[in-house]
Peer 1: 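Below is a structure I'd like to ask you about.
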Amino acid sequence: MEQNVICRGLSKTYQQDAIIVQALSGIDLDVPKGDFVCLSGPSGSGKTTLLNLVGGLDAPTGGEITVAGQRVDLMSQAQLATMRLMHLGFVFQAYNLIPVLTARENVEFVMQLQGMDRKERRARARAILEDVGLEGLENRRPAQLSGGQQQRVAVARAMVSGPSLVLADEPTANLDSRNGEMLLELMRKMNEGRGVTFIIATHEQLVMDHARRLIRLHDGRIVSDELQR
Amino acid sequence: MSTLNVRLLYTLAWRNVWRNHRRTFVILVAIAFGIWSMVTLAAIMRGMIEQQVRNVINNLTGHIQVHAVGYRDDPVVDNSMPPPGPHMVEVLRGEHVRAWSTRVRVPAVVASERESAGVTLVGIDPEAEQGLSFIAEAVTEGRYLESSGDCGVLLGRKLVERLETSLGKRVVLMSQDVDNEIADRGFRVVGVFDANMEATETGYVFTGRSVAQEMLRLGENISELALVARDRQDLGAVLQLLVRVAPGLDIQPWTKLEPLLVLTVKMYEATMLIWFVVVFLAMSFGLVNTLLMAVFERTREIGLFQALGMRPGFLLSQVLLESLTVLMIGLVMGNVLAWATIASLADGLNLSAFAEGLEWAGISSVIYPLISASDVISANLLVLVLGIVASLYPAWRAARRVPVEAITRI
C-alpha cells in the first residue's frame, strides 16, 4: 500500500532554560494514503508535536519524516512552505481563519497562493462551501460566524485545494457535541469521497470513535496502534 | 510573484491597514503632519531664498557684471573702463541676454542744507535700466529719470528723511574725478524711490549716466556693465561669449559677486535637509512602533499564513506593502494639506513683526512661499524610501518566525 507519511526514529526535544523536555522519542509510523488516523493521549503526550513535525511546522531533533515521497526533515523554510501549500491542509483547534477575509476569501486563500485562476477558484470555493453547509454565508467575515461555522470554513479551506494529507489538531475542542459530530461527519465524507488522508490529534472520545485507526501516545512514545473498523 | 498573488497581497495589506482604525489614523496624522511641515517649510524657505536672490539681483547686481580689473576691490573712477565695443554689443544683443545697461558707479557724499551722508552715486541709462534693476519701478513720488542726460537725482525715502530734504529741493553730490580732484555738483531731487530694504534707500543716489560722466570727467568711460540673462540657472554660455570678446575685463556671475548670498542659500538648504531628517526620525519611530505592534498582534495569523504555505518572502512583502500603503495615504494627505496651506499664503506671509531682523538678513517682511518640485520630490522620497527601510525590521521579524512558535502562541 502506498504510504503517505513515514516517520523513522523521530524525536523532538525542547529546551526551556535549563530544563530539557523530551516531547517525542523514537517514533516509527507509517500512514497509508486515504487513512483516517487519530492520535490520542493525555496532555503533553506529544500528539501536537508529532502533527507539527509531519506538517513541517517544526523541525525534528532526530529521525526522518517523509510526506508524499519527500523528506520533510531536510527541507528549507521555502521548500517547506511549498510542500505545505501543494500537499497539506491544516485544521487547528482555534479555528484560525484570516479575520480580514470573508469565508469565501478564506477558502480561496490557498488556491490563490497556488496561482489558480479566479474562475476555477470561485467555482471550487462555492462547491465546497455548499458541501460544508455554508451556502449564503460566503461573504461573512469570521467574526460574523459561529464557532462551528468557522471550523467548517477551516475544513473547507484545508480540503479545497486537493491536499493529499489533512492534519487536524483538536478540531472539535471548541465546538459543542452537535457541531463536533457534524464536523467529523464532514471529515469522514471528505476522506471517503476524495481519498484524502487525515491525521487528527485529539483527546475527545467522539473523535476517536470516528477514526479508522487509533494511535495512543504517552510521554512522547507510541504505546498502542489499533485498527478500529 | 504572479498577478494573482500581488492582488492577494494588496487585499491583505489594504484590509490590515484599516483593521485598527485608531492606530492607523494616528500614524497617518503623524506622516501627514510630517510631510506637511516639510513641504510647507521648504516652500516658505524657498520663497525667502528666492526673494533674497531676486532682491540682490534686482538691486543693481543683475546676473552678470563686467568691470575693469581692480574695480571690485576699489570702486573708484580710476578703475573705470571704456564702453562696450561692437563685438561685446553683439553678444549683449544676442539670444542669451534679456536686458543690459552701462553705469557709472562711484562712492560719493550727498548733502542737503541740513545733513550729509555717504552714498553710492549711480549714473544710469534710464531706458536700458528698465527690466534690469528695481529702480524704474521703485519711484513712488515725483518722476523717474528721463534720459542719460537727465540732471535730476532720485533719492531713497529714508535718505530723504535723513537729509531732511524733499522732492523738488536741491542737494549737492561730491566725489573724486579722474584727476583725483573733488568734483561736486548741485542736483534737484526729481524723484523719491521706495525699496524693500532700508539699506538700499539710504545707500544709492541715481542720476543720468552722461551727467555723472561729465561731473567725474570720465568721458565715455563707465564703471560697470550689468546684464540679466534669459535663464539665471544657465549663465555658462553668455559668460563664455563675454570672456571671449572682452578677455581683459573682470566678468563675474552673481554667484561670485554675492558670495555671502550664495553661502546663505547653502545654509538654508542645509537647514532644510536637517529639518527633513529630524521630522522623518520623529515620524519613523511612530511608523516602526505601529508596524511592530501590528506584527506582534498578528503573530498567530503570521504562523497561520506560513502553515498554509505562504513563503517568507511573501510575508515580508505583505508587511512592506502595508507600510507602503500607510505611507502613500499619509503622503497624499500631507501634500494636499501643504498645497492648501501654501495656496492660502499666495498673497504672502506677513512677517512685519520681525521686519527689522529680516531686513538685516536681506529678506522682505512679506514672504511669498514658493513650491519647488525638487523640494517636494526630495521630502516625499525621503519619507517613502526611509519609511520602507524602517519597516524592514518589523517585516523581517514577521518573516523569520518559525510557524509553530507563531501558531501556538496565545
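No hydrogens, no waters, no symmetry mates; every other heavy atom, side chains included, goes into these values. Lettering follows sequence order; numbering is per chain, from 1.
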Peer 1: Output side-chain donor-acceptor pairs under 3.5 Å for residues 340-347 of chain B, partner residues at least two apart or in another chain, one line each.
Peer 2:
unit_1, atom_1, unit_2, atom_2, d
B:T341, OG1, B:W36, NE1, 2.7
B:T341, OG1, B:L337, O, 2.7
B:S344, OG, B:T341, O, 2.6

Peer 1: Which value, rounded to the nearest 0.5 Å, describes the distance between B:R311 atom CZ and A:T82 atom OG1?
Peer 2: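 It comes to 3.5 Å.
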
Peer 1: Let me check something: any side-chain donor-acceptor pairs from residues 20-28 of chain A under 3.5 Å, sequence neighbours excluded? List them with distances.
Peer 2:
unit_1, atom_1, unit_2, atom_2, d
A:Q22, NE2, A:L24, O, 2.7
A:S25, OG, A:R221, NH2, 3.2
A:D28, OD1, A:G9, N, 2.7

Peer 1: Please look at B:R19 and chain A and tell me whether the side chain, the backbone, both or neither of the residue comes under 4.5 angstrom of a heavy atom of that chain.
Peer 2: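 Side chain only.
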
Peer 1: Can you tell me how far CG of B:L304 sits from CZ of A:F92, rounded to the nearest 0.5 angstrom?
Peer 2: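 Answer for the CZ-CG pair, A:F92 versus B:L304, is 6.0 Å.
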
Peer 1: Highest number of heavy-atom pairs under 4.5 Å with chain B: which of A:M83, A:E105, A:M86?
Peer 2: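 The option with the most such pairs is A:E105.
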
Peer 1: Say you draw a straight line from CD of B:E301 to CG of A:L97; how long is it, rounded to the nearest 0.5 Å?
Peer 2: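 If we round to the nearest 0.5 Å, B:E301:CD and A:L97:CG are 10.5 Å apart.
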
Peer 1: Checking A:E108 against chain B: side chain, backbone, both or neither under 4.5 Å from a heavy atom?
Peer 2: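 The answer is neither part of A:E108.
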
Peer 1: Let me know if A:L101 has heavy atoms under 4.5 Å from chain B in its side chain, its backbone, both or neither.
Peer 2: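 For A:L101, heavy atoms of backbone and side chain both lie under 4.5 Å from chain B.
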
Peer 1: Rounded to the nearest 0.5 Å, what separation is found between the CD atom of A:Q112 and the CG atom of B:L9?
Peer 2: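 A:Q112 atom CD to B:L9 atom CG measures 9.5 Å (nearest 0.5 Å).
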
Peer 1: How many angstroms lie between atom CE of B:M310 and atom CZ of A:R84, to the nearest 0.5 angstrom?
Peer 2: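 Nearest 0.5 Å value for the CE-CZ distance: 12.0 Å.
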
Peer 1: Does any non-hydrogen side-chain atom of B:W18 lie less than 4.5 Å from one of A:V100?
Peer 2: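 No. Closest side-chain heavy atoms not under 4.5 Å.
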
Peer 1: To the closest 0.5 Å, what do you measure between CG (A:L113) and CG (B:L8)?
Peer 2: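 Interatomic distance, A:L113 CG to B:L8 CG, rounded to 0.5 Å: 5.5 Å.
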
